[in-house]
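In listed order, ligands and their atoms are each counted from 1.
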Amino acid sequence: MDRVRVRFAPSPTGPLNVGGLRTALYDYLFAKKHSGDFILRIEDTDANREVPGTEKYIIDALKWAGISPDEGPGIGGDYGPYRQSERKALYKEYAEKLIAEGMAYYAFDSSEELEALRNSKMADGIPSVKYNYASRESMTNSLTLNQEAVEQKINDGVNVTVRLKMPKDRIISFVDEVRGSVSFNTSELDDKIIMKADGMPTYHLANIVDDHLMKISHVIRGEEWLSSTAHHLFMYEALGWEPPKFAHLSLILKPVGKGKLSKRDSAAFGFPVFPLDWYDEDGNLQFIGFKENGYLPGALMNFLAFLGWNPGTEQELFSMQELVEAFSMDQLVKSGARFDIDKAKWFNQQYILNTEEANLLSLVKDFLTDEQKNKSDDYLSQVVSLMKERMTTTKDLGDIGYYLFEKPRDYEEKMIRKKYKPELKNEVMAILNLLDGLENPTTENIHNAVKGYIEEHELGFGNILPLFRIGLTGTMKGPDLFGTMELFGSSESRSRMEEALIRFDKIYEAKQSSNA
Ligand code: GLU
């Protein structure tokens with residue numbers, strides 16, 4: 001096989017969503033698996049649809065995701081420039097060549113004429129009306145006008161476009177790496193515009209010219225481009241070029257119901273579908289990102305890798321390098337993959353558990369309030385190690401574990417109603433005194449001391465420990481109790497318990513009077 005060169009070719013018409021990012025990931029994995037090149041090409045031939053800031057967003061998102069291109073805008077490479085708008089001069093020659101070969105023609109139709117074409121057959125109840133082998137006979141183009149009129153039109157420079165001359169009734173077949181053998185009848189394909197009136201090529205022409213000139217070996221892209229591939233192959237043949245291999249990826253589907261995952265799903269369900277936050281031109285946050293919601297890039301990429309691919313084994317956790325080694329196009333699935341945010345959370349949790357604590361701390365810090373961040377690094381490291389298993393994202397520590405930074409805002413009353421009796425106050429105080437006296441209050445020493453006291457006085461763990469859990473953190477769902485005691489130290493533990501006991505007494509009194 002010639003050198004594997006795979007390009008990711010987004011149009012800067014909006015921020016890159018997880019669908020685009022997954023395409024980029026598969027592009028990258030395939031390229032790296034075969035020791036090839038991963039190229040970023042910005043397809044910005046349609047200035048009207050361009051959204052400022054999206055090219056930067058794409059580059060930042062790829063960088064965060066850990067799939068940095070070998071060639072691309074701002075990176076360089078032997079096949080640049082990598083922005084199509086900077087390659088404009090290149091494309092005309094090939095459009096002219098296609099015209100000379102009789103595979104394309106000039107079309108001069110005004111927007112009114114095109115509108116009329118669209119409406120004409122709609123009225124007869126024929127839905128898909130196209131500029132094609134049949135209708136082109138009655139339109140304003142170089143096939144219907146004489147030479148002189150054509151030259152005149154070109155000189156006037158009004159509505160000068162170039163269209164592909166798709167033949168009637170020819171079968172174009174190819175073997176798609178995901179779908180297998182695919183065929184199109186050219187009678188069903190329209191005469192796509194390949195050069196626009198503004199002198200810019202359309203996606204179709206620019207795409208094949210660049211794939212050829214950049215020596216792209218494999219085109220891996222979304223399935224929405226499947227039918228365009230027939231047009232592309234038609235041009236490759238007309239220009240006498242060897243086409244690349246094609247792989248069309250299935251869609252990422254909505255979490256519920258049918259259809260493609262969209263940004264509306266993000267708004268409706270409150271989870272991100274974009275890698276990074278996206279702000280509109282007025283600086284308002286328009287779409288939330290995985291990064292800013294506490295997802296680790298490795299976890300997101302691992303999750304995305306599995307949306308449409310599987311290694312054929314039970315293994316689910318893969319580093320990027322392992323994904324590169326395991327990836328193969330044969331294991332791409334033909335059907336759409338449902339976007340399951342719970343699965344993304346699961347991956348994230350696994351990645352959090354496997355992240356070294358010092359790194360995790362610096363990730364978590366980004367999301368703590370200024371007040372929470374004021375704690376010493378030592379304290380914060382202990383918090384991270386206590387809460388690691390309970391975090392789904394690096395964002396939620398400050399929320400779900402807020403009580404490690406401040407006194408509980410509330411206490412779970414049910415357990416207190418069940419377990420607390422004023423007589424137990426003395427036992428609580430005795431245990432706090434015991435903590436005061438510990439020379440080396442490690443989790444283990446605290447555990448042993450408390451356990452010893454409870455056993456010695458035959459109090460029963462289940463009668464005492466819940467009081468401490470709730471008194472110290474407000475909840476039964478907090479982290480390891482003795483670890484929490486070590487974190488707080490004896491004086492903070494005492495002050496929390498004293499405050500809690502006042503509440504516990506009130507809860508007890510309320511219970512007594514309602515029982516009376
Ligand atoms: N510019 C196209 C897009 O944004 C690229 C499609 C392709 O990879 O050929 O989807």
Side-chain angles (χ1 to χ4, degrees), residues 4-31 36-51 53-59 61-62 67 69 71-73 79 81-88 91 94 164 174 176-179 182 184 192-194 196 200-236 241 243-252 260-263 273-275 278 308 329 332:
V4 168
R5 290 179 49 84
V6 189
R7 86 299 190 278
F8 175 52
S11 301
T13 50
L16 178 68
N17 61 22
V18 283
L21 189 59
R22 186 194 60 166
T23 301
L25 172 65
Y26 291 166
D27 286 336
Y28 173 87
L29 293 178
F30 185 77
D37 306 313
F38 171 56
I39 296 131
L40 173 65
R41 182 172 75 222
I42 299 292
E43 301 209 320
D44 57 348
T45 53
D46 192 348
N48 294 332
R49 292 186 52 225
E50 198 158 326
V51 176
T54 38
E55 180 184 313
K56 181 176 183 309
Y57 182 97
I58 292 164
I59 292 171
L62 295 180
I67 49 174
E71 300 168 29
Y79 300 87
Y82 293 92
R83 253 181 228 109
Q84 288 184 327
S85 57
E86 291 166 17
R87 302 170 66 83
K88 184 176 166 187
Y91 306 112
Y94 299 104
L164 279 182
F174 64 101
D176 187 274
E177 303 285 309
V178 178
R179 277 143 222 280
V182 184
F184 289 93
K192 281 209 188 305
I193 294 184
I194 55 169
K196 293 178 287 182
M200 279 300 249
T202 60
Y203 155 72
H204 303 287
L205 178 64
N207 188 266
I208 64 124
V209 167
D210 287 347
D211 282 348
H212 173 72
L213 296 179
M214 294 182 179
K215 297 207 167 65
I216 298 304
S217 61
H218 292 77
V219 167
I220 305 169
R221 62 183 169 197
E223 72 173 16
E224 65 273 31
W225 301 108
L226 189 66
S227 75
S228 302
T229 307
H231 291 99
H232 298 174
L233 286 167
F234 177 76
M235 286 188 274
Y236 276 107
W241 295 341
K245 293 207 159 31
F246 292 96
H248 288 90
L249 305 172
S250 57
L251 293 177
I252 298 183
K260 189 175 160 187
L261 179 74
S262 79
K263 41 196 188 226
V273 301
F274 290 89
W278 171 256
M329 272 217 282
L332 287 170

message: Quiz question: by atom type and distance under 3.5 Å, do the side chains of His248 and Arg221 form a donor-acceptor pair?
response: yes
message: A side-chain contact here means heavy atoms from C-beta on lying under 4.5 Å apart; do Ser217 and Lys245 qualify?
response: no
Short N or O separations between ligand 1 and the protein, below 3.5 Å:
from, atom 1, to, atom 2, distance (Å)
ligand 1, 1 (N), Ala9, O, 2.8
ligand 1, 1 (N), Ser11, OG, 2.9
ligand 1, 1 (N), Glu43, OE1, 2.7
ligand 1, 4 (O), Ser11, N, 3.2
ligand 1, 4 (O), Ser11, OG, 3.3
ligand 1, 8 (O), Arg7, NH1, 2.8
ligand 1, 8 (O), Arg7, NH2, 3.3
ligand 1, 9 (O), Arg7, NH2, 2.8
ligand 1, 9 (O), Tyr203, OH, 2.7
ligand 1, 9 (O), Asn207, ND2, 3.1
ligand 1, 9 (O), Arg221, NH1, 2.8
ligand 1, 10 (O), Trp225, NE1, 3.2

message: I need the full list of salt bridge (charged side-chain N to carboxylate O under 4.0 Å, His left out) pairs touching residues 5-20, with sequence neighbours left out, sorted by first then second residue.
response: Arg5-Asp37, Arg5-Glu71, Arg7-Asp211
message: Just by distance, no angles: are the side chains of Tyr203 and Asp46 close enough, under 3.5 Å, to form a donor-acceptor pair?
response: no
- prompt: To the nearest 0.5 Å, how far apart are CZ in Arg22 and CG in Asp27?
  reply: 11.0 Å
message: Using 0.5 Å steps for rounding, measure from the NE2 atom of His212 to the CH2 atom of Trp241.
response: 4.5 Å
